[in-house]
Amino acid sequence: RDEGPAASLAGYQLEVLRDKNRELNRRLQELFANAQANERLAVRTHQLTLALLRQDSAADTLRAMAASLAEDFQGDLVRVVLFDDTAGLDDVDWLQVIARGDARLAPFRDCLSEGEPLCGRLQPEKNAVLYGDRVGEVQSSALLPLIGAGGAPSLGLVAVGSRDPNRFYPGMGTLFLRMMAESLVTALQRYDADQ
């Protein structure tokens, strides 16, 4: 060694292997924790899907979605924007009906055309539309576009706001968010077919 007493090559290699083993164990524990978190999320997403399918009307389906996002997924502020007033819900603060051509929807065009959930800190004009006078409470959001299946037009948007600025962040996985949005769209389209 350049400094200190000489050490055997075998002792040095053993220490290097121990360091690698500690790092591999740390990474394995991290992967295990992620797998457990994903399993819990998969179960909650499945329970949400079942709850949506058990509802008897579009209004009840939307109520079930909003309640689950707030309670089961710990959303601080849940907002639903529909483009058509098919639900007939007038007494809830979490729902807005905005016509498809409304200028307020311009900031959401990319999200709606791409059909991919957005996570992180949204632009102020998006937050203003979604959260209104409670915009100051939201530090990060997950935004789910409700894209119609089979070429049907978009139904709207679902936003889950958090007071924690790090709860939703760009680059986080959106698989479960897409699954939740698809479940809601499918459940709502059952009532469109009935009419």
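If you're wondering where the values come from, they're calculated on a predicted model, not measured in any experiment. Residue numbers count from 1 along this sequence.
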- Are any non-hydrogen side-chain atoms of Val185 and Gln189 less than 4.5 angstrom apart? yes
- Task: Kindly say whether Val129 contributes a backbone atom to a donor-acceptor pair with the side chain of Arg79 at under 3.5 angstrom?
- Result: no
- Query: How long is the gap from CG on Leu31 to CZ on Arg26, to the nearest 0.5 Å?
  - Reply: 9.5 Å
- Note on the structure: For Pro165 and Ser140, the nearest pair of non-hydrogen atoms, with its separation, is O-CB, 3.6 Å
- Task: Ignoring hydrogens and angles, tell me if any N or O in the side chain of Ser141 forms a donor-acceptor pair with the backbone of Leu143 under 3.5 Å.
- Result: no
- Message: Going by the rule side-chain hydrogen bond (donor to acceptor under 3.5 Å, both in side chains), which residues pair with Arg178 if we only count those two or more places apart in sequence or in a different chain?
- Response: Glu116, Thr174
- Message: Please find the pair of heavy atoms, one from Tyr191 and one from Thr61, that lie closest to each other, and give the distance.
- Response: CE1-OG1, 3.4 Å
- Query: Within a strict 4.5 Å, meaning less than it, do heavy atoms of the Asp84 and Arg100 side chains meet?
  - Reply: yes
- Task: Report the distance from atom CG of Leu184 to atom CG of Leu144, rounding to the nearest 0.5 Å.
- Result: 9.0 Å
- Task: Find out if a path of hydrophobic residues (ILVMFWY) with successive side-chain heavy-atom gaps under 4.5 Å connects Val160 to Met179.
- Result: yes
- Query: Would you find more than 12 non-hydrogen atoms of other residues, nucleotides or ligands less than 6.0 Å from Glu23 atom CD?
  - Reply: yes
- Kindly compute the distance separating CZ (Phe176) from NE2 (His46), expressed to the nearest 0.5 Å. 12.5 Å
- Message: Go through it in stages, so that I can follow the logic: the residues are Leu24 and Leu28, the test is side-chain contact (heavy atoms from CB on, under 4.5 Å), and I'd like the CA-CA distance, side-chain angles, deciding distance and then a yes or no.
- Response: CA-CA 6 Å; Leu24 288 174; Leu28 183 61; over 6 Å; no
- Message: In this structure, would Leu41 and Met172 fall into the same cluster of hydrophobic residues linked by side-chain contacts under 4.5 Å?
- Response: yes
- Query: Can a salt bridge be assigned to the pair Arg27 and Glu30 using a cut-off of 4.0 Å between side-chain N and carboxylate O?
  - Reply: no
- Search all heavy atoms of Ala181 against all heavy atoms of Pro145 and return the closest pair with its distance. CB-O, 3.8 Å
- Query: Ignoring hydrogens and geometry, is there a side-chain-to-backbone donor-acceptor pair from Ser68 to Ala64 under 3.5 Å?
  - Reply: no
- Query: Are any non-hydrogen side-chain atoms of Val80 and Leu62 less than 4.5 angstrom apart?
  - Reply: yes
- Item | ILVMFWY cluster, Leu95 and Leu130 together (side-chain gap under 4.5 Å) | no
- Query: Roughly how far apart are Leu69 CG and Leu77 CG, rounded to 0.5 Å?
  - Reply: 11.5 Å
- Query: Heavy-atom distance under 4.5 Å between the side chains of Glu137 and Asp76, does that happen here?
  - Reply: no
- Any chain of hydrophobic side-chain contacts (each under 4.5 Å) joining Leu118 to Val135? yes
- Mind running side-chain contact (heavy atoms from CB on, under 4.5 Å) on Phe108 and Val81 for me, showing each step along the way? CA-CA 11 Å; Phe108 300 98; Val81 175; over 6 Å; no
- Message: Which residues pass the side-chain hydrogen bond (donor to acceptor under 3.5 Å, both in side chains) test with Glu15, not counting sequence neighbours?
- Response: Arg22
- Note on the structure: Ala99 and Leu105 have their tightest heavy-atom pair at O-CD1, 3.3 Å
- Task: Treating Ile, Leu, Val, Met, Phe, Trp and Tyr as nodes and any side-chain heavy-atom pair under 4.5 angstrom as an edge, say whether Met65 and Phe168 lie in one connected cluster.
- Result: yes
- Task: Could you grab the distance from atom OG1 of Thr186 to atom CG of Leu146, nearest 0.5 Å is fine?
- Result: 10.5 Å
- What's the spacing between Leu175 CG and Met180 CE if we round to 0.5 Å? 9.5 Å
- Message: Run the side chain to side chain contact (heavy atoms under 4.5 Å, CB included) test against Ser57 and tell me which residues pass, sequence neighbours left out.
- Response: Ala59, Asp60
- Walk me through it: do Leu112 and Leu157 pass the test side-chain contact (heavy atoms from CB on, under 4.5 Å)? CA-CA 8 Å; Leu112 290 168; Leu157 299 158; 3.6 Å; yes
